[in-house]
Amino acid sequence: MNDTPAGAAGSNVPQQMTVNAQYMKDFSFESPSAPRIFGEQPNAEPRVEVNVNVTSQPLAENVYEVALRLKTESKIGDKTAFICDLTYACIATMPAMAEPQLRAALMVECPRLLFPFARAIIADAVREGGFPPLMLAPVDFAGMLRQNEAQARSAANA
């Protein structure tokens with residue numbers, strides 16, 4: 001066992017990412033078809049579309065804001081039941097690392113930490129809006145990063 005603090009001289013223990021703060025950056029919930037939507041088609045299965053986006057920006061040396069945006073839209077028939085749009089963010093201090101590892105930490109690890117909090121906010125808002133809570137399935141942020149990088153390479157080659 002090594003009692004040397006992470007990152008101290010002579011230490012083999014890597015420095016860790018630190019989440020300094022997390023917060024709701026932007027949030028909206030609307031039910032444009034209320035109150036009629038509650039009486040129409042009570043047994044109809046809603047269609048729910050979920051869009052996920054992750055962005056990061058540097059704030060200072062080794063300090064970044066990472067924002068996870070989850071936009072959900074539910075329709076029953078041709079009517080919009082609700083739209084819930086949340087941007088949940090954190091400020092993270094990262095140890096010095098190579099660009100590929102930094103990108104993975106910012107675009108995969110940070111949103112993975114933020115997602116459970118964002119999912120709970122959305123579930124509560126949808127429930128308070130008069131609908132059954134929306135429990136979002138886990139998101140494969142690593143897969144999203146790979147897909148975005150592949151699209152960027154294809155665009156660069158075109």
Side-chain angles (χ1 to χ4, degrees), residues 1-32 47-75 80-158:
M1 186 163 195
N2 189 343
D3 292 328
T4 307
S11 171
N12 291 329
V13 179
Q15 286 183 314
Q16 299 293 315
M17 168 182 71
T18 302
V19 175
N20 304 312
Q22 59 187 56
Y23 49 94
M24 195 178 333
K25 187 168 183 166
D26 188 32
F27 178 73
S28 70
F29 178 88
E30 60 183 288
S31 182
R47 292 183 329 273
V48 178
E49 182 180 314
V50 180
N51 293 306
V52 180
N53 189 33
V54 179
T55 59
S56 68
Q57 66 176 346
L59 300 177
E61 185 176 346
N62 296 331
V63 179
Y64 300 84
E65 178 190 57
V66 177
L68 169 63
R69 181 175 181 207
L70 299 169
K71 182 176 182 184
T72 61
E73 184 171 354
S74 176
K75 291 190 175 215
T80 299
F82 66 82
I83 300 169
C84 188
D85 192 352
L86 170 66
T87 302
Y88 196 73
C90 73
I91 298 173
T93 301
M94 304 302 236
M97 61 179 83
E99 179 62 31
Q101 288 79 19
L102 177 62
R103 183 162 172 76
L106 293 172
M107 304 306 281
V108 176
E109 295 306 319
C110 284
R112 190 177 290 160
L113 293 171
L114 295 173
F115 182 77
F117 298 98
R119 177 172 56 186
I121 291 167
I122 289 173
D124 288 346
V126 170
R127 186 192 72 240
E128 292 295 328
F131 302 94
L134 177 62
M135 296 309 296
L136 298 175
V139 175
D140 179 8
F141 293 106
M144 282 179 51
L145 177 61
R146 284 190 300 272
Q147 182 180 11
N148 290 341
E149 288 175 343
Q151 288 174 346
R153 281 192 300 274
S154 293
N157 293 337

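Keep in mind the model is a prediction, meaning the values are calculated, not measured.
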Once rounded to the nearest 0.5 Å, what's the spacing between atom [atom1] of [X] and atom [atom2] of [Y]?
| X | Y | atom1 | atom2 | result |
| --- | --- | --- | --- | --- |
| Gln57 | Leu106 | CD | CG | 11.0 Å |
| Leu68 | Leu70 | CG | CG | 4.0 Å |
| Met107 | Leu102 | CE | CG | 10.5 Å |

Item checked: Residue pairs involving residues 86-95 (criterion salt bridge (charged side-chain N to carboxylate O under 4.0 Å, His left out); sequence neighbours excluded) -> none

Item checked: Pairs meeting criterion salt bridge (charged side-chain N to carboxylate O under 4.0 Å, His left out) with involvement of residues 95-104, two or more places apart -> Arg103-Glu149

Next item on the list: Scan residues 104-113 for pairs that pass side-chain hydrogen bond (donor to acceptor under 3.5 Å, both in side chains), counting only residues two or more places apart or in two chains.
Entry: Glu109-Arg112

Next item on the list: Taking all non-hydrogen atoms of both residues into account, name the closest pair between Phe27 and Ala125 and its distance.
Entry: CZ-CB, 3.4 Å

Quick one: list whatever passes side chain to side chain donor-acceptor pair (under 3.5 Å) with [X], sequence neighbours left out.
| X | value |
| --- | --- |
| Lys25 | Glu65 |
| Gln151 | none |
| Arg47 | none |
| Thr18 | none |

Under 3.5 Å, which donor-acceptor pairs do the side chains of residues 127-148 form with other protein atoms, sequence neighbours left out?
residue, atom, partner, partner atom, Å
Arg127, NH1, Asp124, OD1, 3.1
Asp140, OD1, Ala142, N, 3.4
Asp140, OD1, Gly143, N, 2.9
Asn148, ND2, Met144, O, 3.4

Next item on the list: Under the side-chain contact (heavy atoms from CB on, under 4.5 Å) rule, collect the residues that match up with Pro95, sequence neighbours excluded.
Entry: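 Scan of Pro95 (side-chain contact (heavy atoms from CB on, under 4.5 Å), adjacent residues dropped) gives Gln15, Met97.
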
Check: Applying ring-ring contact (aromatic ring centres under 6.0 Å, His included), which residue pairs with at least one partner in residues 97-125 are found, sequence neighbours left out?
Finding: none

Can you give me every donor-acceptor pair (side chain of residues 81-89, partner residue at least two apart or in another chain, under 3.5 Å) with its distance?
residue, atom, partner, partner atom, Å
Asp85, OD1, Arg69, NE, 2.9
Asp85, OD1, Arg69, NH2, 3.4
Asp85, OD2, Arg69, NH2, 2.5
Tyr88, OH, Gln22, NE2, 3.1

